[in-house]
Amino acid sequence: MPEVIMPKMGDAMEEGTLVKWLKSQGDEVQAGEAIAEIETDKVTMELEAEDAGTLAELYASEGQDVPVGEAIAFVQGEGEEVPQRQEKEEAEAEEGGGEGEAATATATETEEREERPDEPRMPRTEETTEEARADGRFRASPIVRRLARENNLDLSQISGSGPQGRIVERDVRAALERGEAKVAEEQQAAPEAAPQPAAAAPEPTGAPGTEIKQPTRMQRVIGERMQLSKQQIPHFYATVEAEVDELMALRKQLNEKLEDEGIKLSVNDFVMKACAVALRKFPNLNSLYTSEGIELHEQVDMAMAVALEAGLITPVIKDAANKTLSAISGEAKDLAKRARDGKLQPNEYQGGTFTVSNMGMFGIESFSAIINPPQAAIVAVSSIMRRPAFDEEGNVVPRSLMKLTLSADHRIANGAEGAQYMAEVKRLLETPALLVV
């Protein structure tokens with residue numbers, strides 16, 4: 001059946017937002033033609049039709065959050081009939097066995113909400129969630145229900161973390177990791193105590209000249225991840241100041257030689273190369289903190305922070321330690337451009353083992369970055385400042401100085417290791433010829 005579904009654009013993605021329809025109901029579409037814009041937690045991208053035909057039905061409205069795998073439209077081919085959504089939902093409810101009532105309730109709530117598009121979506125409180133559970137009702141997509149059935153999991157015992165209390169895939173997988181799968185004879189077991197709710201945000205002031213701006217999906221996800229990172233990862237910091245006069249001179253010389261080839265090396269290219277090469281001596285910092293232990297990586301997949309209007313994304317340069325400066329430069333520019341255009345594929349911004357965040361172009365003298373979990377570390381790169389310093393004879397001379405700050409996970413690496421790593425990065429940046437041999 002040529003339904004257009006919300007695609008899964010990453011392992012952690014459970015929902016996407018339908019930002020805008022690019023085609024209207026009744027329009028003819030070709031296979032591969034963009035019909036909508038969708039927003040994930042990382043990018044806003046165009047969704048293409050996989051089949052040619054008539055865009056006969058639009059199931060989702062603009063601004064609506066749609067679980068991964070659920071249909072948002074139907075492309076009608078020649079000789080095909082448009083399926084009735086009510087019949088499809090009833091069939092899915094019957095497939096879910098005793099969950100039919102819940103599926104019908106969910107469909108009804110969705111229809112009522114779509115009839116009132118201007119009504120704000122209020123978060124479901126703990127009380128209303130518990131009342132719904134008492135009535136045997138809960139919100140979950142067919143994919144989540146199927147996953148629960150396959151693992152003998154009782155969805156009525158799971159607290160949903162999605163919009164309005166919806167049970168999403170991460171809730172089911174978290175329950176499975178906690179060993180909460182229940183076979184038929186254990187259905188009467190007592191439910192696990194609900195987690196304590198987070199502190200409520202303050203109410204708007206309503207002061208004259210103010211407005212309420214809803215955060216994008218990317219901003220919400222970044223906020224959640226960074227909050228968890230600061231709360232759950234014991235950060236420690238180590239800062240060095242590198243003299244980069246030789247680096248600037250070498251960069252100028254190389255760029256003059258490479259101009260005809262259209263290559264222009266940036267300071268950040270040297271920094272990423274130095275950070276990647278230094279990790280060969282300090283593998284703990286090129287690791288991930290996982291549920292089964294510390295996962296050490298031999299290959300350095302360097303993530304670089306790219307600022308977008310809607311938030312931040314970290315495209316990944318694979319095997320950065322073994323690439324030349326010119327290769328890193330070309331790949332970095334291409335990834336950054338496509339990141340800003342929303343053209344990155346999931347494999348291009350996932351799987352990083354270490355991150356570099358550079359705010360030097362903004363004139364920042366020093367800053368500390370937040371670790372991007374499950375990575376072990378991130379390096380914050382500041383501006384190059386021209387300041388007086390002492391040479392070996394004690395004379396005051398001008399120097400180009402740049403501060404770099406490591407943020408590292410103390411569960412994986414200790415302070416001495418972090419300090420030694422940053423000393424090696426400093427050595428490489430102050431002797432940049434080592435980066436081109």
Side-chain angles (χ1 to χ4, degrees), residues 1-10 13-96 103-119 121 139-146 162-164 166 168-169 214 216-218 309-310 338 341-347:
M1 182 180 295
E3 286 184 327
V4 181
I5 66 170
M6 178 62 69
K8 189 175 182 68
M9 301 299 294
M13 179 180 171
E14 290 158 351
E15 291 184 318
T17 301
L18 198 153
V19 178
K20 181 172 64 175
W21 283 109
L22 302 178
K23 292 287 186 178
S24 301
Q25 186 166 311
D27 287 352
E28 295 294 320
V29 299
Q30 301 298 319
E33 186 175 7
I35 62 172
E37 284 185 3
I38 61 171
E39 181 186 30
T40 72
D41 57 348
K42 295 289 186 181
V43 293
T44 298
M45 59 176 290
E46 291 181 346
L47 181 63
E48 299 176 351
E50 294 184 0
D51 303 275
T54 303
L55 192 58
E57 290 285 347
L58 305 182
Y59 300 145
S61 56
E62 293 183 351
Q64 182 176 338
D65 293 335
V66 182
V68 167
E70 284 200 3
I72 62 172
F74 180 83
V75 177
Q76 182 182 19
E78 186 176 353
E80 290 182 329
E81 294 185 1
V82 181
Q84 296 297 318
R85 288 293 285 171
Q86 184 175 357
E87 294 176 2
K88 184 176 185 294
E89 287 166 356
E90 288 175 355
E92 289 173 345
E94 290 175 3
E95 183 184 349
T104 304
T106 300
T108 303
E109 292 170 3
T110 303
E111 291 169 2
E112 291 175 352
R113 184 170 66 249
E114 291 177 354
E115 290 172 1
R116 303 190 299 274
D118 297 329
E119 181 178 326
R121 300 183 184 180
R139 298 169 60 81
S141 71
I143 289 179
V144 170
R145 296 174 187 275
R146 188 176 304 114
Q164 298 185 344
R166 177 188 288 272
V168 293
E169 186 178 343
Q214 294 299 322
T216 64
R217 173 177 292 277
M218 179 182 287
E309 288 188 10
R338 289 192 291 113
D341 294 340
K343 302 296 185 182
L344 291 179
Q345 297 300 312
N347 64 303

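Side-chain atoms are counted along with the backbone in the values below, which use heavy atoms only and exclude waters and symmetry mates. If you're wondering where the values come from, they're calculated on a predicted model, not measured in any experiment.
- Residues Thr17 and Asp65 have side chains in contact (heavy-atom distance under 4.5 Å, counting atoms from C-beta outward).
- Rounding to the nearest 0.5 Å places CD of Glu57 at 9.0 Å from CD of Gln76.
- Looking at every heavy atom in both residues, Ala60 comes nearest to Trp21 through O-NE1, 2.9 Å.
- The closest side-chain heavy-atom distance from Glu70 to Met6 is not below 4.5 Å.
- Looking at heavy atoms from C-beta onward, Gln25 lies out of side-chain contact with Leu55 at the 4.5 angstrom threshold.
- Closest approach of Ala73 and Tyr59 over heavy atoms only: N-CD1, 3.6 Å.
- Atom CD of Glu50 has 12 or fewer neighbouring heavy atoms from other residues, nucleotides or ligands inside a 6.0 Å radius.
- Of all heavy-atom pairs spanning Ala49 and Gln30, the tightest one is CB-O, 3.9 Å.
- With Val4 as the fixed residue, the side chain to side chain contact (heavy atoms under 4.5 Å, CB included) test singles out one of Asp51, Leu58, Val29, Ile72: Ile72.
- Residue Glu46 holds its CD atom at 10.0 Å from CD of Glu33, rounded to the nearest 0.5 Å.
- Without hydrogens or angle criteria, Glu37 side chain to Leu22 main chain gives no donor-acceptor distance under 3.5 Å.
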